[in-house]
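Comments concern the structure below.
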Amino acid sequence: MTSSITLTFPDGSERQFDSGITAGEVAASLSISLRRRAISAVFNGTHWDLQWPMEVDGSISINTMDDEGHALELVRHGLAHVMARAVQELWPETKVTIGPVIENGWYYDFDRETSFTPVDLELIQQRMRKIISQREPVRTEIWERSGAIKHYRNLGEPYKVELVEAIPHNQPVRMYWHGDWQDLCRGPHLGNIGQLPADAFALRSIAGAYWRGDSRNRMLQRIYGVAFRRKEDLKSHLKMLEEAQRRDHRRLGSEMDLFHFREEAPGMAFWHPRGWTIYKQLKAYMSRRQAVHGYVEVNTPTIVDRSLWEASGHWDKFQEHMFLVHIDSEQQENGKINALKPMNCPCHVQIFNKGQKSYRNLPLRMAEFGSCARFEPSGALHGLMRVRGFVQDDAHIFCEEAQIEGETASFIKMLTEIYTDLGFPEFKVKFADRPELRAGSDEIWDRAEGALVSATQAAGCEYELNPGEGAFYGPKLEFVLTDAIGRDWQCGTLQVDFVMPERLDASYVGRDGEKHRPVMLHRAILGSFERFIGMLIENHFGNLPFWLAPRQIVVASIVSHANEYTEEAVQRLIQAGIRAEADTRNEKIGYKVRELVTGRVPVIFAIGEREVAENTVSIRTLGKTGMEIVPLQDAIDRFAALAKPPDLVDGDQI
RNA sequence: GCCGCAGUAGCUCAGUGGUAGAGCGCACCCUUGGUAAGGGUGAGGUCGGGAGUUCAAUCCUCCCCUGCGGCACCA
C-alpha cells in the first residue's frame with residue numbers, strides 16, 4: 001500500500017517511484033555508474049542528500065563532483081565536520097558548536113580552555129587526512145527534539161543543546177554520523193567521508209569569535225580552512241592570496257613612500273609628499289565634480305562645544321566615539337567640554353540655519369571636505385581603511401520630501417561617473433531599511449524607503465537588501481567596494497534623515513508662506529579620502545592612473561655631462577604641469593631603471609649624449625620593455641595631455 | 001573592546017641568560033656606464049615601554065603600548 005510519486009528529470013522525462021524512495025536509489029535506478037558518481041541531488045530546488053527520502057512529486061537532478069557549486073558545498077561542509085571530529089579525537093574535552101561553509105572554505109568554532117596553536121593546526125590537519133583515509137560511510141537520521149536535547153546534555157555539549165532548542169518546531173532535528181562521530185547538522189552530506197579531497201584543503205588560521213556573534217557571549221576559538229575539489233585549485237587559491245597580500249595598501253604605502261602610521265597617533269596617517277599628492281589630486285577632482293553637480297562647498301570648525309552635540313543627539317548616541325577636548329581649567333570647572341567633530345552634519349545645519357531659507361533655495365547641496373575624528377575601537381583599526389582621523393567628501397542635501405527621489409537618482413548617477421573615472425565601474429549597492437530602534441513614524445519611513453528604492457531602480461542599480469541596518473533617523477544606501485584581500489568596505493553612502501533637521505530646528509519658508517522642515521540627505525561618494533585611497537592603491541596594485549600617480553615622470557641621466565639638460569627637461573615638464581623629478585645620481589642607467597620601475601614610476605625619460613645633441617628624450621613606459629626616442633617638446637605635450645584628470649580631458653583625448 | 005600571535009638597524013629578517021648579526025638602503029671614494037642591481041670603504045641599534053626573577057635579561061615572568069589575523073563595532 002505504498003503510494004507513488006512522480007519525479008521529473010532535467011531532460012523533461014517523468015517516472016513513477018514508490019513514495020519514500022531516496023535520491024540515491026533514484027540515481028541507482030538510472031545507472032550504476034551514475035549511482036557511483038552521485039554526490040547529492042537537487043529536489044524541488046533544495047540541495048538534497050542522497051539518503052533523504054522523497055515523499056511528494058517534484059523535479060530532481062543528480063549532482064556529481066562535476067557540479068562545482070554543489071560539490072564545493074559538500075566538500076567544505078564535510079571537511080568542517082571532519083575537522084570537528086579530528087579536534088575532539090585529539091582533545092576530547094573540546095566542546096563543538098557550529099561550522100558553516102563560507103567563501104572558499106569553512107570555519108568551525110570550538111570551546112576549549114587551552115588555545116589552539118599553529119602546531120595544533122598541523123596536528124589537526126594530519127588527523128583529518130587519517131579520518132578521510134578510513135573511508136567511513138555517512139549516516140543520517142531524524143530525531144525527536146527532546147531526545148536530541150537529552151543526548152547532547154548527556155554528552156556535555158551545551159552549545160548543541162542550545163542549537164537544538166533554536167531549531168524552529170516545523171523543521172526536523174537531523175543527526176549525522178561520520179563513522180562513529182556524530183553531529184547535529186541540517187545536511188546534506190556526501191555519502192562517504194572518503195570522497196573528501198584529502199589533498200585539496202588547508203587549515204588557515206585561528207581566531208576568536210563570539211558564540212552566536214554576540215560580544216556579551218563567551219569567546220570561542222574559530223579555525224578557518226579553505227577547500228577545493230582538486231589540489232591544483234587549492235594551490236592557485238593560495239597563490240592568489242599571496243598575490244593579494246602583495247597589493248595590500250599598507251605594504252604598498254610604505255614601499256611607495258606614501259604614508260605611515262606610528263604609535264604616537266594610532267589610526268591617524270602621516271601623509272608623505274607622494275601620498276599627499278594623490279590626496280590633493282583626488283580632492284581637487286572631487287571639488288570640480290561637485291561644483292558641476294550643483295554643490296556649494298563650505299568649511300566648519302573641527303572643535304565644537306558639547307552643546308551642539310547635545311542638540312544633535314551625538315552626545316547621547318555617539319559620545320564613546322568622540323575625542324573630548326578640555327581647553328582650560330576654567331572651562332573645565334564650568335563643565336564646558338568641546339569635542340573634535342566626528343561628523344559634519346550638525347555644523348552644516350548651523351550654516352543652513354543662518355539666515356532665512358526659502359523653498360527657492362532647495363535643494364541646497366552643501367559639501368565639505370571635513371576633517372573628522374572618531375575614537376574607533378582599537379581592534380577595528382586597519383591601515384587607511386579604518387582610521388581615527390579622516391576627511392570625508394561629505395555633503396548634505398537640504399530638500400523637500402518630494403525631492404528625495406530626484407536627488408537620489410542624480411546622486412547615484414554622479415557616484416557612478418566618479419567610480420568609473422577612478423577605476424571602479426563595478427560596486428555593490430546595499431539598501432539598509434528601518435532598524436528596530438528608530439525615530440519617526442512608520443508612514444515617514446514608508447515614504448523614505450519607497451523614494452530610495454524607486455530612485456535606485458530608476459537608476460538601473462542592482463541592490464541587495466540589508467534588513468534592519470538603516471540609521472535610526474532614516475534608511476540608507478551603501479556603496480561597497482572590495483579590497484585586495486576580499487574584505488568589503490563601505491565607501492559611498494546616501495542616508496535620508498528626518499530627525500536632524502528637527503533636532504536642530506532647521507526650517508524654510510514654503511510656497512504657502514509657512515515654515516517647513518527640510519529633509520536632509522547625508523551623502524558621500526569616496527566616503528573618506530583615506531579609505532578610498534587605500535582602495536585605489538589596491539585596485540591598481542600601486543600603478544595609479546597617470547593623472548593620480550604621485551611621481552609621473554623621472555628624467556634620468558645616463559652620463560653626468562647630460563645632467564644639465566636633464567634638469568632643464570625636468571623644469572620644462574614641471575612648467576607644463578607634470579610631476580617630474582631628475583635622477584642625476586652617479587649610477588648606471590640599468591640601476592636607475594630598475595629602481596624606478598620597481599618604484600612604480602609610470603614614465604622614465606633617459607638622457608644620454610645622443611638626446612642632448614638631438615634635443616630629444618628616450619621614453620620608457622611602465623609595463624613595456626621597449627623605448628621610444630621623441631623630441632623633448634613633443635614628449636612634454638604628449639604627457640601634459642595625459643596628465644589631465646578625467647573630468648578635464650577633451651573629447652579627443654585617449 | 002574581546003581571543004590569539006608578533007615587536008631586534010631606515011626596510012626585510014637571523015640570533016643568544018654573559019650588553020648583537022646579514023642583505024637591501026644610506027654616506028664617502030673609485031667608476032661616465034645606453035634601459036631591471038659596477039666596485040670599494042664606512043656610519044647606523046636603550047633589541048617597543050615599564051616592573052620583576054637573576055651575579056648578569058634583548059632572551060625568563062608580569063603589566064602597558066603598538067601592529068597583525070579574526071570577532072564585535074562601523075552612528
Side-chain angles (χ1 to χ4, degrees), chain A residues 107 109 111-112 114-118 120 204-224 245 248 250-251 254-255 257 260-267 312-314 316-322 342-343 345 372 374-383 385-388 435 437 469-474 476 478 485 487-490 493 495 497 499-500 522 527-528 531 556-563 584 586-599 604-611 618-622 624-629:
Chain A
Y107 66 77
D109 288 348
D111 187 7
R112 178 182 174 228
T114 321
S115 305
F116 292 115
T117 65
D120 293 340
R204 296 271 312 154
S205 60
I206 309 156
Y210 298 109
W211 167 237
R212 307 203 129 184
D214 188 329
S215 59
R216 288 167 301 191
N217 288 343
R218 187 171 164 83
M219 174 72 68
L220 307 171
Q221 298 188 62
R222 175 171 298 178
I223 301 180
Y224 284 91
Q245 268 167 20
D248 188 312
R250 292 166 296 187
R251 181 193 184 106
S254 80
E255 280 177 11
D257 194 14
H260 83 279
F261 288 90
R262 48 175 43 243
E263 290 196 11
E264 293 100 319
S312 70
H314 288 89
D316 276 349
K317 293 233 166 18
F318 208 67
Q319 196 184 147
E320 60 173 1
H321 294 288
M322 285 160 68
M343 300 179 198
C345 31
C372 296
R374 298 181 190 175
F375 188 78
E376 300 288 356
S378 58
L381 301 180
H382 183 95
M385 303 301 196
R386 190 79 180 268
V387 283
R388 288 181 175 157
L437 282 175
E469 292 297 314
F472 75 92
Y473 49 72
K476 58 183 182 182
E478 300 168 340
I485 321 168
R487 284 180 274 225
D488 277 353
W489 297 96
Q490 183 192 314
T493 184
Q495 307 175 9
D497 183 0
V499 175
M500 186 85 65
H522 305 243
S528 80
R531 177 177 292 178
S557 57
I558 296 169
V559 290
S560 58
H561 48 272
N563 286 355
T584 54
N586 177 14
E587 295 291 351
K588 292 195 172 183
I589 191 64
Y591 180 92
K592 293 183 184 182
V593 166
R594 178 187 155 80
E595 197 183 84
L596 296 171
V597 166
T598 55
I604 302 166
F605 287 180
I607 310 291
E609 282 177 1
R610 208 183 329 150
E611 287 76 10
S618 163
I619 303 173
R620 184 188 169 107
T621 312
L622 191 61
K624 295 178 193 156
T625 43
M627 51 196 163
E628 182 187 3
I629 300 199

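Here is how names work: the chains are called A, B, and so on, in the same order as the sequence lines, proteins then strands, and each is numbered from 1.
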**Report entry** Base C3(B) paired with Arg218(A) side chain (donor-acceptor, <3.5 Å)
**Finding:** no
Query raised in the report: In the structure shown, which nucleotide is the Watson-Crick or G-U wobble counterpart of C11(B), with both distances under 3.5 Å?
Result: G23(B)
Query raised in the report: Could you give the CD-to-P distance, from Gln319(A) to C74(B), as a whole number of Å?
Result: 17 Å
Query raised in the report: Counting only side-chain N and O atoms of Arg222(A), is one of them less than 4.0 Å from OP1 or OP2 of G69(B)?
Result: no
Query - Rounded P spacing from G33(B) to C68(B) in Å - result: 48 Å
**Report entry** Inter-nucleotide P distance (C64(B), G4(B)), Å rounded
**Finding:** 13 Å
Requested in this report: Nearest whole angstrom, please: distance from the C1' of C74(B) to the NE2 of His314(A).
Outcome: 13 Å
Query raised in the report: Arg388(A) has an atom CZ; how far is it from atom P of C65(B), in whole Å?
Result: 11 Å
**Report entry** Over 12 foreign heavy atoms within 6.0 Å of CZ, Arg216(A)
**Finding:** no
Query - Nucleotide opposite G18(B) in a Watson-Crick or G-U pair, distances under 3.5 Å - result: C55(B)
Query raised in the report: Would you say the base of G1(B) and the side-chain of Tyr210(A) have a donor-acceptor pair closer than 3.5 Å?
Result: yes
Query raised in the report: Is Arg487(A) touching bases, backbone alone, or none of the nucleic acid, heavy atoms closer than 4.0 Å?
Result: sugar-phosphate
Report task. Could you work out the separation of A57(B) and G23(B) based on their P atoms and round it to a whole Å? Result -> 30 Å
Query raised in the report: Is Ser618(A) touching bases, backbone alone, or none of the nucleic acid, heavy atoms closer than 4.0 Å?
Result: base
Report summary line: OG of Ser557(A) to CD of Glu609(A), rounded to nearest 0.5 Å, is 12.0 Å
Query raised in the report: Within the structure shown, what part of the strands sits under 4.0 Å from Lys476(A) by heavy-atom distance: base, sugar-phosphate, or nothing?
Result: sugar-phosphate
Query raised in the report: Counting any heavy atom closer than 4.0 Å, what does Arg250(A) reach on the DNA or RNA strands: base, sugar-phosphate only, or nothing?
Result: sugar-phosphate
Requested in this report: Hunt down the Watson-Crick or G-U wobble partner of G45(B), both distances under 3.5 Å, from any strand shown, or write none.
Outcome: none
Query raised in the report: Are OP1 or OP2 of G25(B) and a side-chain N or O of Tyr591(A) less than 4.0 angstrom apart?
Result: yes
Report task. Find the distance Met322(A):CE to C74(B):C1' and express it as a whole number of Å. Result -> 16 Å
Requested in this report: Could you let me know what A36(B) is paired to, Watson-Crick or G-U wobble, both distances under 3.5 Å, or none if it's on its own?
Outcome: none
Query raised in the report: Which nucleotide in the list G69(B), C71(B), G4(B) gets nearest to the side chain of Ser115(A)?
Result: G4(B)
Query raised in the report: For the atom pair CG (Leu220(A)) and CG (Asp109(A)), what is the distance rounded to the nearest 0.5 Å?
Result: 5.5 Å
Query raised in the report: Could you state the interatomic distance from CG (Leu622(A)) to OG1 (Thr598(A)), rounded to the nearest 0.5 Å?
Result: 10.0 Å
Query raised in the report: Touch check for Glu609(A), heavy atoms < 4.0 angstrom, all strands: base, sugar-phosphate only, or nothing?
Result: base
Query raised in the report: Does the cation-pi check pass for Arg222(A) over Tyr107(A), that is, NZ or CZ under 6.0 Å from the six-membered ring centre and within 45° of its axis?
Result: yes
Requested in this report: Please state the C1' separation for the pair A6(B) and G49(B) - nearest whole angstrom.
Outcome: 16 Å
**Report entry** Inter-residue atom distance Met385(A).CE - Asp488(A).CG, 0.5 Å rounding
**Finding:** 11.0 Å
Requested in this report: Establish whether the base of G34(B) is bridged to the side chain of Glu611(A) by a donor-acceptor pair shorter than 3.5 Å.
Outcome: yes
Query raised in the report: Across the strands shown, which category fits Arg386(A) at heavy-atom distances under 4.0 angstrom: base, sugar-phosphate, nothing?
Result: base
Report task. Indicate, with a heavy-atom threshold strictly under 4.0 Å, whether Gly313(A) touches base, sugar-phosphate, or nothing. Result -> nothing
**Report entry** Spacing of Asn217(A) atom CG relative to A72(B) atom P, expressed in whole Å
**Finding:** 11 Å
Query - A14(B) and C3(B), which share atom name P, separated by this distance in whole Å - result: 27 Å
Query raised in the report: Which part of the nucleic acid, if any, lies within contact of Phe116(A), taking any heavy atom under 4.0 Å across all strands shown: a base, the sugar-phosphate backbone alone, or nothing?
Result: nothing
Report task. Please work out if Ala209(A) contacts a base, only the sugar-phosphate, or nothing of the nucleic acid, heavy-atom cut-off 4.0 Å. Result -> sugar-phosphate
Report task. Mind checking Ala380(A) for me? I need base, sugar-phosphate or nothing, with any heavy atom below 4.0 Å counting as a touch. Result -> base
Requested in this report: Could you say whether Met343(A) or Gln221(A) is positioned toward the 5' end of RNA chain B, judged by the nucleotide with the nearest heavy atom to each?
Outcome: Gln221(A)
Query raised in the report: If pairing requires Watson-Crick or G-U wobble contacts with both distances under 3.5 Å, which nucleotide is the partner of G1(B)?
Result: C71(B)
Report summary line: Checking N1-N3 plus N6-O4 or O6-N4 for Watson-Crick, or N1-O2 and O6-N3 for wobble, each under 3.5 Å, the partner of C62(B) is G50(B)
Query - Approximate separation, where rounding is to 0.5 Å, of Ile206(A) CD1 and Gln221(A) CD - result: 7.5 Å
Requested in this report: Compare side-chain N and O positions of Arg620(A) against OP1 and OP2 of A36(B) and report whether any pair is under 4.0 Å apart.
Outcome: yes
Query - Pairwise P distance, A9(B) and G21(B) [rounded to whole Å] - result: 14 Å
Query raised in the report: If you measure from the P atom in U58(B) to the same atom in U16(B), how many Å do you get, rounded?
Result: 16 Å
Query raised in the report: Want to settle it: does Thr598(A) or Ser378(A) sit nearer the 5' end of RNA chain B, counting the closest nucleotide to each?
Result: Ser378(A)
Query raised in the report: For the residue pair His314(A) and Phe318(A), does the interplanar ring angle fall in the parallel (under 30°), tilted (30 to 60°) or perpendicular (over 60°) class?
Result: perpendicular
Query raised in the report: Starting at CZ of Arg251(A) and ending at P of G69(B), how long is that distance when rounded to a whole Å?
Result: 13 Å
**Report entry** Options G69(B), G67(B), G33(B), nucleotide nearest the side-chain atoms of Val559(A)
**Finding:** G33(B)
Report task. Select base, sugar-phosphate, or nothing to describe what Pro377(A) touches, counting heavy atoms under 4.0 Å on all strands. Result -> base
Report task. Would you mind classifying the nucleic acid contact of Gly608(A) as base, sugar-phosphate or nothing, using non-hydrogen atoms under 4.0 angstrom? Result -> base
**Report entry** Rounded distance (Å) that lies between atom P of U32(B) and atom NE2 of His561(A)
**Finding:** 11 Å
Query raised in the report: Can you tell me how far C1' in A43(B) sits from the matching atom in A27(B), rounded to whole Å?
Result: 7 Å
**Report entry** Arg594(A) side-chain N/O to U35(B) phosphate OP1/OP2 under 4.0 Å
**Finding:** no
Requested in this report: Return the value, rounded to whole Å, for the distance between atom NZ of Lys588(A) and atom C1' of U32(B).
Outcome: 9 Å
Query raised in the report: Between Tyr473(A) and His522(A), what is the ring plane arrangement, given parallel below 30°, perpendicular above 60°, and tilted in between?
Result: parallel
